[in-house]
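What follows is a short report on a single structure.
In what follows, every heavy atom counts, from backbone to side chain, and hydrogens, waters and symmetry copies are set aside. Note that the structure is predicted; figures quoted are calculated from it, not measured. If you read the sequence from its start, that first residue is 1, and numbering goes on from there.
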Amino acid sequence: MELNSDELRRYARHIILPEIGLEGQKKIRTASVLCIGAGGLGSPIALYLAAAGIGKLGIVDFDSVDLSNLQRQVLHGTADVGRPKIDSARKAVKRLNPNVEVAAHEVRLTSDNALDILRPYHVVVDGTDNFPTRYLTNDACVLLKKPNVYGSIFRFEGQASVFAPHLGGPCYRCLYPEPPPPGAVPNCAEGGVLGVLPGIIGLIQATEILKLVLGIGTSLLNRLLLFDALEMKFRELKLRRDPECPLCGEHPAITKLIDYENFCGVPPAGTKPTMHPDEVTVQDMKQALDNPSLGIKVFDVRESDEYQIAHIKGVPLIPLSELAERFTELDPNQAYYIHCKMGGRSMQALQFLRAQGFKNVKNVAGGITAWSHEIDPNVPTY
């Protein structure tokens, strides 16, 4: 494939690098990359791969743009709120570089379609935000012998690596053989994320992709790069392939894609989750607030900044971060309903109080977000 005069001008700063040159730019032009997700990580990955001149960019996403995305998901703009992310992602990539072929996969990645979607691409990049899709992406890449350029973010910290057993490195399961218990790791909606952080980690992933395509430099294969934005520090952990890994080890037990929702202990997509025995609904919480004679008190375990954004009138605040010092303010014989933003931290508070001898405590499923959607829309969501 020859580059035309416009492409020679566009990629001139690449071409004059001896490590890339004209032949290297042709490699980029003929390479294909599949990005799983068009969110925080997928945005810088897609934009910078497009700017670099990647030949074909596949994007997998089935979500729509929400106003809360715009703090970090730079593929999308204010006018895109409510539109499918695939549409605004394609538009943003084409506006930046019309030479890039964009293949839009507006579907949820599943065990049924993953192999067919991943198979045509040279490199796969993980921009996911949930464990079932992360393990699915990893397993499909191992089975297809595709490099999996991994990244993840949370609050002020991120990590990145390249998983590729066929190139002599480990897979994601070698590092994390089992997923954490459901709810143990809050997502960005619950725990928050510094808006620029996915830009940093996503660009590290994009850099690794280009190095793989070009065959230059030292990749993150066999290394996990950790970044702390608050301390502005990088550190590195050495990784190795686990010979006992059930997927890429010496005697693999996983030879085909499995049920990843079940593996990660989360309800299948599209199904209504069943209530935990220790949970109550926001309707139950409303009854407790409306009828003091029921003898149930309610408190909020979010942080004070969140409480200032939105709170329920009459519900006091005891942040989860202060609960270990302040639980003596509570009566262990009293019945309590506990809520947070979505239910994760309040479940942690419940478990802590149970360990201190509190018998009659319940977690409010869905937290103040469910309250806003189902009880009082005047309470802001965030």
Side-chain angles (χ1 to χ4, degrees), residues 32-46 49 54 56-66 69 73 75-76 83-90 93 101-153 160-165 171-173 175-176 178-180 182 185 187-189 198 201-202 205-206 209 247-248 254-271 273:
S32 59
V33 177
L34 180 68
C35 183
I36 313 294
L41 291 171
S43 290
I45 292 167
L49 289 181
I54 210 76
K56 179 178 179 180
L57 179 63
I59 303 174
V60 180
D61 203 297
F62 63 95
D63 201 3
S64 297
V65 180
D66 184 82
N69 299 152
Q73 299 183 17
L75 269 174
H76 320 293
R83 296 179 60 195
K85 287 184 180 180
I86 280 289
D87 290 349
S88 49
R90 182 197 291 112
V93 168
E101 177 188 350
V102 180
H105 304 276
E106 193 177 359
V107 295
R108 182 189 295 272
L109 198 70
T110 68
S111 298
D112 293 330
N113 63 23
L115 295 178
D116 288 337
I117 291 175
L118 270 63
R119 187 173 284 111
Y121 295 89
H122 297 125
V123 180
V124 177
V125 56
D126 181 355
T128 61
D129 61 358
N130 65 85
F131 288 103
T133 310
R134 189 165 292 157
Y135 278 95
L136 168 59
T137 299
N138 173 77
D139 293 4
C141 284
V142 173
L143 294 175
L144 292 170
K145 293 182 170 57
K146 307 283 185 183
N148 174 18
V149 181
Y150 160 77
S152 69
I153 53 171
S161 189
V162 174
F163 297 120
C171 78
Y172 180 75
R173 285 180 181 268
L175 180 60
Y176 300 112
E178 298 287 338
V185 180
N187 58 26
C188 290
I201 300 300
Q205 292 176 273
I209 292 166
L247 180 68
C248 72
I254 300 172
T255 57
K256 61 182 180 180
L257 301 182
I258 62 173
D259 182 339
Y260 293 90
E261 282 79 15
N262 182 63
F263 174 67
C264 294
V266 300
T271 64

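Here the two rings, on Y150 and F163, have centers that are under 6.0 Å apart.
Of the inter-residue distances, the one linking C264 atom SG with D259 atom CG reads 9.5 Å to the nearest 0.5 angstrom. Taken to the nearest 0.5 Å, the CG atom of L144 stands 5.0 Å off from the CG atom of L115. Rounding to the nearest 0.5 Å gives a distance of 6.5 Å between OG of S152 and OH of Y176. Distance CZ/R173 to CD1/I254: 3.5 Å, rounded to 0.5 Å. Considering OG of S64 and CD of E106, their distance stands at 7.5 Å, rounded to 0.5 Å. The line from CG of N113 to CZ of R108 is 10.5 Å long, rounded to the nearest 0.5 Å.
Side chain of Y135 to backbone of E178: a donor-acceptor contact under 3.5 angstrom is found. Looking at K85, its side chain never comes within 3.5 Å of a backbone N or O of G39 through a donor-acceptor pair. Formation of a donor-acceptor pair under 3.5 Å by the D87 side chain with backbone atoms of P84 is not found in this model. Within the 3.5 Å criterion, the main-chain N or O of D139 finds no donor-acceptor partner in the side chain of N148. Judged by distance alone, the side chain of H76 and the main-chain N or O of A38 form a donor-acceptor pair under 3.5 Å.
When all heavy atoms of I36 and L34 are compared, the closest pair comes out as CD1-CD2, 3.7 Å. The two residues C35 and G42 have their closest heavy-atom pair at SG-CA, 3.7 Å. Here the closest heavy-atom approach between residue Q205 and residue L41 is recorded as OE1-CD2, 3.5 Å. Closest of all the heavy-atom pairs between I59 and I86 is O-CD1, 3.3 Å. Residues L75 and S43 approach most closely at N-OG, 3.3 Å, considering heavy atoms. The minimum heavy-atom distance linking C141 with P147 is given by the pair SG-O, 4.3 Å.
Side-chain polar atoms of D126 and Y172 form no donor-acceptor pair below 3.5 angstrom.
Residues V107 and I117 have side chains in contact (heavy-atom distance under 4.5 Å, counting atoms from C-beta outward). Proximity of T128 to L136: side-chain heavy atoms (C-beta onward) are nowhere separated by under 4.5 Å. By the 4.5 Å heavy-atom criterion applied to side chains, Y121 and K56 are counted as neighbours.
The salt bridge (charged side-chain N to carboxylate O under 4.0 Å, His left out) check on D61 picks up nothing, with sequence neighbours excluded.
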